[in-house]
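Everything below concerns the one structure shown next.
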Amino acid sequence: MVEGKTILSFFASNFSCISCEPRVLSLQNILSLLFFLLPASALTTGIYMIFSTKPEMATQEIQPNETLTNLKAESDTLKTKLEDERAKLHDVELHQVAEKVDGLGQFIMKTRRTLKGHGNKVLCMDWCKDKRRIVSSSQDGKVIVWDAFTTNKEHAVTMPCTWVMACAYAPSGCAVACGGLDNKCSVYPLSLDKNENLAAKKKSVAMHTNYLSACSFTNSDMQILTSSGDGTCALWDVESGQLLQSFHGHAADVLCLDLAPSETGNTFVSGGCDKKANVWDMRSGQCIQSFETHESDINSVRYYPSGDAFASGSDDATCRLYDLRADREVAIYSKESIIFGASSVDFSLSGRLLFGGYNDYTINVWDVLKGTRVSILFGHENRVSTLRLSPDGTAFCSGSWDHTLRVRDRGYHLGYIPKRTTLSG
Amino acid sequence: MARDMSDIDILKMELEQLKKEVSTPREPVSKTSKDTMDWCEAASGTDLLITGVPDDKNPYKPEKGGCIIT
C-alpha cells in the first residue's frame, strides 16, 4: 500500500506541526487536516473496494484470520436468521396432528427368505423393478444377482476392488451398476447366457477422486447419479461416460443419495459426513434446501413416497423426518435405549412405516406419523448395513455384515401372541 | 472437491448457500403435516405391509405341505 504510506506522511507532517505549538488548533490546521483527511479516507476506501472485488487478491491483502472470522460471523448470523424464519412456521408437531389417526397395533414381520452366498459383509443391495430380483454387493468385491423367490443366484461378478459400497439395478432390469474403493461406478449388462463372463462387458461410467458411496439410475438406463467420498455428487451419461452435472456443497464425504419419486420432478437428496442433508436440482446443479440437525454422519436418506418429505438415518442413533414444504425437521425417531447408529432407512408404500437398520444388529420399525416404535426385528448376527422395500411394497430386504440378506414380510396375525415377542423374525 | 478446498472456500460456499436459503418460500408445519397425514391415510389401503397379503397372493408364502429345496 504505497499510497497509504504517502497519505500517512501527510498526516504525520500535519500532526507534527500541531504538537510543536501549544494545543490550540488554528483554523488553518483544521482546514489542512480536513483537506487531507477526506480524500485520504476516500482514497483508502476506494483502493480497498477495488481490491475486494477480486476475491483472490483480497485474501492476499487482508489477514487470512480476519476473513475467516468475518465469514464465520456472517455465516452464523444467516444461520440464526434461517432458523428464525423456519421457527416462525413451526406451529405444531407432526405427532400432534396425527393424534386422531388409528394406532397400528401389534406388528409382526417374518423372515421369508435368507440369501446366503456372500463370503463377506454385505454392504449394499437394490431391487429390480420386476419385484423379485435383487442385486447385492459385499466387502470381498463380489456382486451377486439373486432371485428372491427361489433364493437362486442368477449372476455373480467379482469386482477388481474390495468394499463395493454401492450397487444399483437398472430400471430395465438388464444391467447393474456398482462401485466402491475403486473410485468408479461401473455398469455390467446382464446377459441371459449364464456362462457369459459379465466382467468382459463392463463399462466404466463414473470417475471420482475418492470412494464411491452410493449410486442410482435415474428414470432410465441412460443416466446414473453417484455420490462419493470426495464430497460431491455427479450425474453421468452411461453410454459415453460423460459428466452431465456435478453437485458441490457438502463439506465432507457424501455417504448416500436418493432420487425423488418421478412425479415430483428432477430433484434428489444427499446426506454426508458434514451432518447435512442437501436437496438438489438435477438440471441446474444448485442446492435448493439444506438441513443440518443431525449430530453425526448421515448414513442414509430416503424420500417419503409423496415426494414432499424425506427421512434420514445417522450415526447419532436417530432417524429424522424433514418436510420439504415447511423447510424443517418435523419428527425425530429415537429412544434412549437405542445408542447405535442407523445405517439405512426406507419407508413402506404409504409412508406410514419407517424401517431403520441399525448397527446393533436390529431393525426398528417406526410409526412415521405418531413418532413411536412399532416393532423391533431381530435375526441378523451383525450390523444391518442396507435395507430396501420391494417395488410393490409386499416385502423388504435387509443386508448385513453377517454375510446374509433377509427378505421379510408381514407375519400372519396369530390368535395367541407368545409372551416373548423377541422371536427371530 | 470438498477435500481439496480450503476452510475459507468452504465457508464462502456455505455463505452463498445460506443467502439463497433464507429467501426460499415456506409453509406452516400445521398445513404440511396435515397434507402428509392425508396422503398417508389415502395410501394406507394399498400398503401391503399394513394391510397384509392373503396367502394365495403372497409370493413368499411357502405352499402348504411343501418346502423349497435350494
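Values reported hereafter were calculated over all heavy atoms of this structure, with side chains retained and with hydrogens, waters and symmetry mates removed. Throughout, a chain's letter reflects where its sequence line sits, starting with A, and its residues are numbered from 1.
Of the two parts of A/Gln96, neither the backbone nor the side chain holds a non-hydrogen atom closer than 4.5 Å to a non-hydrogen atom of chain B. In this structure, the portions of B/Glu21 lying under 4.5 Å from any heavy atom of chain A include both its backbone and its side chain. With a 4.5 angstrom heavy-atom cutoff, A/Val97 touches chain B via backbone and side-chain atoms both. For A/Arg328, the part lying under 4.5 angstrom from a heavy atom of chain B is the side chain only. Of the two parts of A/Ala148, the backbone and the side chain both hold a non-hydrogen atom closer than 4.5 Å to a non-hydrogen atom of chain B. With a 4.5 angstrom heavy-atom cutoff, A/Phe355 touches chain B only via side-chain atoms. Heavy atoms closer than 4.5 Å to chain A are found in the side chain of B/Glu41, but not in its backbone. Proximity to chain B is absent for every atom of A/Val254, based on heavy atoms less than 4.5 angstrom apart. Interface residue A/Leu389: only side-chain heavy atoms are found under 4.5 Å from chain B. In this structure, no portion of A/Ala309 lies under 4.5 Å from any heavy atom of chain B. Only the side chain of B/Gln17 comes within less than 4.5 Å of a heavy atom in chain A; its backbone stays farther off. If you measure heavy-atom distances from A/Leu104 to chain B, the contacts under 4.5 Å come from the side chain alone.
Note: B/Ser33 leads B/Ala42, B/Ala43, B/Gly52, B/Ser33 in heavy-atom pairs under 4.5 Å with chain A. Between chain A and the options B/Asp35, B/Thr32, B/Ile50, heavy-atom pairs under 4.5 Å are most frequent for B/Thr32. Ranked by heavy-atom pairs under 4.5 Å with chain A, the first of B/Thr36, B/Thr51, B/Leu49, B/Leu48 is B/Leu49. Chosen from A/Asp392, A/Asp323, A/Leu369, the residue pairing most often with chain B at heavy-atom distances under 4.5 Å is A/Asp323. Your options are A/Glu74, A/Glu85, A/Lys131, and the one with the most heavy-atom pairs under 4.5 Å with chain B is A/Glu74. Highest contact tally toward chain A, considering only B/Pro25, B/Gly45, B/Cys40, B/Ser44, is held by B/Cys40 [criterion: heavy-atom pairs under 4.5 Å].
In plain terms, the two heavy atoms of B/Val29 and A/Val92 that are nearest each other are CG1-O, 3.2 Å. Smallest separation of non-hydrogen atoms from A/Ser270 and A/Trp280: OG-NE1, 2.8 Å.
B/Arg26 pairs by the side chain to side chain donor-acceptor pair (under 3.5 Å) definition with A/Asp327, B/Thr24, not counting sequence neighbours.
Not a single donor-acceptor pair under 3.5 Å links the side chain of A/Asp253 to the backbone N or O of A/Leu255.
With ring centers used as reference points, A/Tyr322 lies 6.0 Å or more from A/Tyr304.
Taking CH2 from A/Trp366 and OG from A/Ser375, the interatomic distance works out to 11.5 Å, rounded to the nearest 0.5 Å.
Of the listed residues (A/Val368, A/Leu353, A/Val365, A/Leu354), just one forms a side-chain contact (heavy atoms from CB on, under 4.5 Å) with A/Ser348, and that residue is A/Leu353.
A side-chain donor from one of A/Ser290 and A/Asn278 sits under 3.5 Å from a side-chain acceptor of the other. A donor-acceptor contact closer than 3.5 angstrom links the side chains of A/Asp230 and A/His208.
Within the cation-pi definition used here (under 6.0 Å to the ring centroid, within 45° of the axis), A/Arg410 qualifies as a partner of A/Phe107.
For the salt bridge (Lys or Arg N to Asp or Glu O under 4.0 Å) condition, no pair includes a residue of residues 91-101 of chain A, sequence neighbours left out.
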